[in-house]
Protein chains: 2
Amino acid sequence: MRKRENPLVAQFMDVLEEQGYRDTLPRRAVLQAIAQKEKHFTAEALREQLPGVGRATIYRSLKLLVDAGVLCRVLLEDGNLRYQLSRQGHHHHLLCVDCGVSADLIGCDIESRLKNVAASHDFQVSGHWLEVYGRCRQCAEAQAMMA
Amino acid sequence: MRKRENPLVAQFMDVLEEQGYRDTLPRRAVLQAIAQKEKHFTAEALREQLPGVGRATIYRSLKLLVDAGVLCRVLLEDGNLRYQLSRQGHHHHLLCVDCGVSADLIGCDIESRLKNVAASHDFQVSGHWLEVYGRCRQCAEAQAMMA
DNA sequence: GTTTATGCAAAACATTTGCATAGTC
DNA sequence: GACTATGCAAATGTTTTGCATAAAC
């Protein structure tokens with residue numbers, strides 16, 4: 001029983017083709033694997049999941065997908081970086097520290113506030129990186145149960 | 001002409017001793033080197049600067065200092081992590097993308113706002129990581145000059 | 001004297017690169 | 001057919017670990 005191809009794969013493949021990249025089987029395999037994940041992951045984890053795809057291809061694909069805006073990198077609380085599907089443009093993540101699921105925080109309005117604060121430091125803001133850590137409802141409930 | 005020991009060294013050494021760590025020459029050397037830096041740095045850079053200290057000691061010291069709250073890790077825009085002296089408790093950094101200097105953003109009031117936004121996602125916030133990128137005044141002026 | 005820290009070398013990881021081959025357009 | 005992507009293996013780079021020795025308390 002094979003999994004049918006995730007509809008996102010074709011969609012992301014289009015994005016890549018628009019940027020001049022070719023439609024190849026390894027890339028589709030990578031996209032398919034990524035589209036299925038609901039948690040962040042590492043390059044090595046993806047590699048284990050796709051033994052048929054060469055290591056270099058995995059790494060090259062991940063970089064390419066980040067550039068293309070299809071993937072984003074998320075920073076864990078301990079400083080480790082993970083990859084995760086990017087569903088829209090600028091956004092931030094709510095990362096559950098227990099189970100690892102992440103929700104997207106859209107409507108980020110901190111930029112204007114940052115600009116104000118930064119101005120008083122003689123600083124011209126051009127960007128920011130924000131990750132929010134906590135617990136999703138399920139994990140919060142489980143946590144409360146244990147206490 | 002030797003540099004005199006930076007007063008911060010003794011101060012940080014005290015913090016470590018309170019936590020049960022011993023006062024050793026390599027640790028002082030690391031602290032001294034760190035106290036002098038006004039930019040973020042990597043473990044390897046520190047190692048090159050302190051050829052007399054073993055690699056393992058450098059790495060072990062850095063980890064220890066992060067735990068002790070003396071050092072903090074900063075995230076660059078490209079996803080690389082650097083180390084940098086931590087002068088106070090919870091704070092964020094304004095990082096100059098050109099020269100690398102960083103200013104501390106204190107009085108971070110985003111937490112309450114985050115809690116609100118997150119609540120609507122059924123999410124219980126426990127922490128966050130924020131880095132702000134831009135240009136310090138000098139670099140902003142230099143930039144304007146070039147344009 | 002007991003305990004902790006250091007230095008070294010080796011191991012363990014993680015990521016990148018060169019290059020011949022295969023696949024796409 | 002021209003150009004891009006892949007796979008492999010090797011190179012690179014970074015961080016960790018085991019263990020005997022040295023230093024600190």
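Sequence lines set the chain letters: A, B, ... in the order given, protein chains first and strands last, and positions in each chain run from 1.
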With a 3.5 Å distance limit and no angle check, can you tell me whether [X] reaches the backbone of [Y] through a side-chain donor-acceptor pair?
X: His91(B); Y: Asp104(B); answer: no
X: Arg27(B); Y: Arg22(B); answer: yes
X: Lys39(B); Y: Cys99(B); answer: yes

For dT15(C), take OP1 and OP2 only and decide whether either is under 4.0 Å from a side-chain N or O of Lys63(A).
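The answer is no; no side-chain N or O of Lys63(A) sits under 4.0 Å from OP1 or OP2.
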If you compare every side-chain N and O of Tyr59(A) against the phosphate oxygens of dT15(C) (OP1, OP2), does one of them come in below 4.0 Å?
yes
To the nearest Å, give me how far apart [atom1] ([X]) and [atom2] ([N]) are.
X: Arg27(A); N: dG7(D); atom1: CZ; atom2: C1'; answer: 14 Å
X: Glu17(B); N: dT3(C); atom1: CD; atom2: P; answer: 19 Å
X: Glu48(A); N: dC13(C); atom1: CD; atom2: P; answer: 11 Å
X: Leu50(B); N: dT6(C); atom1: CG; atom2: P; answer: 12 Å
X: Asn80(B); N: dT16(C); atom1: CG; atom2: P; answer: 10 Å
X: Arg55(B); N: dA9(C); atom1: CZ; atom2: P; answer: 9 Å
X: Ile58(B); N: dT16(D); atom1: CD1; atom2: P; answer: 13 Å
X: Arg28(A); N: dA5(D); atom1: CZ; atom2: P; answer: 15 Å

Hydrophobic cluster membership, Val125(B) vs Leu95(A), 4.5 Å side-chain cutoff
no
Using side-chain contact (heavy atoms from CB on, under 4.5 Å), reason through Leu65(A) and Val30(A) one step at a time and then give a plain yes or no.
CA-CA 10 Å; Leu65(A) 292 171; Val30(A) 167; 4.0 Å; yes
Could you run down nucleotides 19-24 of chain C 5' to 3' and tag each one B, S or - for protein heavy-atom contact under 4.0 Å?
----BB
With sequence neighbours left out, what residues match Arg137(A) under salt bridge (charged side-chain N to carboxylate O under 4.0 Å, His left out)?
Asp122(B)
Per Thr57(A) side chain, nearest of listed nucleotides dC8(D), dT6(D), dT15(C)
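Of the candidates, dT6(D) comes closest.
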Among the candidates dG7(C), dT15(C), dT6(D), find the nucleotide nearest to the side-chain atoms of Ala43(A).
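So the nucleotide nearest the side chain must be dT15(C).
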Any pair counted as side-chain hydrogen bond (donor to acceptor under 3.5 Å, both in side chains), so long as it reaches residues 50-69 of chain A, sequence neighbours left out:
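Non-adjacent pairs meeting side-chain hydrogen bond (donor to acceptor under 3.5 Å, both in side chains): Glu44(A)-Tyr59(A).
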Taking for each residue the nucleotide of DNA chain D bearing the nearest heavy atom, is the 5' side occupied by Tyr21(B) or by Tyr21(A)?
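Counting from the 5' end, the first nearest nucleotide belongs to Tyr21(A).
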